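Keep in mind that what you see is a predicted model, and the values were worked out from it rather than measured.
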Amino acid sequence: MKAVYYQRFGALDVLEFGELDRPELGPDTVLVQVAAASVNPVDWKLMSGGLSKSMTSVFPVVPGWDLAGIVREIGPSVTAVRVGDEVWGYARMDFVHHGTFAEFAAVPERVLARRPPTLSFGEAAAVPLAGLTAYQALVHRLHLDASDRLLVIGGAGGVGSFAIQIAQALGATVYATGSTKNQEYLASLGANPIDHSVDHQEALAKARPTAVFDLYGGESLNAGMRLLGGSSRAATIADPSIVAHGGHYVFVRPSPSDLDALSELIEHGKLRIEIQERFALANTKDAFSTSMDGHVRGKLVIDVADL
């Protein structure tokens, strides 16, 4: 099969495109023909070796955790999906080896759900990791409701874009920080935009948040916790040390039921998918480079096959 892979940690030059064997099918795994995947910053952070102490990698590594595609084979104990089903999922496993930037991916049954019927494969592939991160932070950790005023620190990227819309669907008032060029975009998602490229402490204070969802860590997270007067209703994807202070560190988990909840929001028009750019599988290196620049609005999609 055609795949993108790397055989050692490093920069963009370690990324290769070529032929690999199809992954083996286990008793509870599903072979998905991948129509599309999407890029997340964790993909190139893993490639750099920066996460090697927290996640085990087995070379060659095929990157990618998001996918949308069609089930072609199932293991003998699989019951939730059938051959021919159109599925989407956050295909994280216990170690990093067979990812989704390939024509086929063998993934555990427990990570898949039915693709939302109103989304194309490319749109569906843009959702799982980022959408689940936002959903699990706001619903399962912060227990957000209509009485809340949520501050999203870093609202224009994939996770932030979904967080704004999910919070809106829950009835919360939303404030979100972003660069000058993204203020109009944040407003279009339903947030009250705050320009983080100028002195915005006064604007942050006016937000009077009852909950904070942080995507950057560092001083941004510290500022959010100061506004709250504590950390019990602060969640971050960037700094595990928040747990020692009573806050919530969010490391997204595969969950078909949460994917179904996102699908329902999509079907009711409460969650739209923002795709900045699409790339062919052979051009994944360009997609990584774009992501590494740090100015992505929404998501970057890898088109693998026309299914």
Can [X] and [Y] be counted as having a side-chain donor-acceptor contact under 3.5 angstrom?
X	Y	result
Y216	T177	no
Q33	E103	no
W44	S291	yes
D28	S77	no
T29	E109	no

Quick check on the hydrophobic clustering: are [X] and [Y] connected, directly or via other members, by side-chain heavy-atom contacts under 4.5 Å?
X	Y	result
L151	L142	no
L300	V159	yes
V14	L20	yes
L227	Y175	yes
F121	V304	no

Please examine the side chains of [Y] and [X], heavy atoms only from C-beta on, and report whether any two atoms are closer than 4.5 Å.
X	Y	result
V39	F279	no
L215	T236	no
F101	L281	yes
F162	L271	yes
S263	R114	no
R297	N182	yes
V139	L144	no
L12	F288	yes

[X]/[Y] ion pair, N-O < 4.0 Å:
X	Y	result
D13	K285	no
E19	K2	yes
R115	D85	no

So, for [X] and [Y], which heavy atoms are closest and what is the spacing to 0.1 Å?
X	Y	answer
R72	L307	NH2-CD2, 4.4 Å
P76	G26	CD-O, 4.2 Å
G217	A238	N-CB, 3.5 Å
P23	A106	CG-N, 3.6 Å
L189	G155	CD1-O, 4.5 Å
L265	A169	CD2-CB, 3.8 Å

Closer than 3.5 angstrom, by distance alone: can the side chain of [X] be matched with the main-chain N or O of [Y] as a donor-acceptor pair?
X	Y	value
S161	A156	yes
H248	R233	no
Q165	R272	yes
Q183	G178	yes
D148	L150	no
S231	A234	no
R278	I302	no
R141	Y249	yes
N40	V42	no
S188	Y185	yes

**Report entry** Contacts of type side chain to side chain contact (heavy atoms under 4.5 Å, CB included), residue S120, not counting sequence neighbours
**Finding:**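 Listed in chain order: E123.
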With sequence neighbours left out, what residues match P254 under side chain to side chain contact (heavy atoms under 4.5 Å, CB included)?
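Testing P254 for side chain to side chain contact (heavy atoms under 4.5 Å, CB included), a comparison that skips the adjacent residues, returns Y90, R92, R110, V111.
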**Item:** Step-by-step side-chain contact (heavy atoms from CB on, under 4.5 Å) determination, E277 to K299
**Value:** CA-CA 7 Å; E277 194 170 354; K299 294 299 301 290; over 6 Å; no
* Asked: Could you give the distance from CG (L31) to CD1 (I70), rounded to the nearest 0.5 Å?
  ->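 L31 atom CG to I70 atom CD1 measures 12.0 Å (nearest 0.5 Å).
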Can you tell me how far CZ of F104 sits from CZ of R22, rounded to the nearest 0.5 angstrom?
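With rounding to 0.5 Å, CZ (R22) is 3.5 Å from CZ (F104).
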For I74 and R82, run side-chain contact (heavy atoms from CB on, under 4.5 Å): C-alpha distance rounded to whole Å, both residues' side-chain angles, the deciding distance at 0.1 Å, then the answer. CA-CA 7 Å; I74 60 174; R82 297 180 179 180; 5.6 Å; no
As a test of understanding, state which of L259, V32, V107, L67 forms a side chain to side chain contact (heavy atoms under 4.5 Å, CB included) with V87.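 Answer after filtering L259, V32, V107, L67: V32.
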For the [atom1] atom on [X], are there more than 12 heavy atoms of other groups (residues, nucleotides or ligands in this structure) within a distance under 6.0 Å?
X	atom1	answer
E267	CD	yes
E24	CD	no
R253	CZ	no
D306	CG	no

Atom pairs and distances, side-chain donor-acceptor, residues 54-63, under 3.5 Å, sequence neighbours left out:
from : atom 1 : to  : atom 2 : distance (Å)
S54  : OG     : L51 : O      : 3.1

For a side-chain contact (heavy atoms from CB on, under 4.5 Å) check, start with the C-alpha distance between F9 and S52, then their side-chain angles and the critical distance, and finish with the verdict. CA-CA 9 Å; F9 294 130; S52 60; 3.9 Å; yes
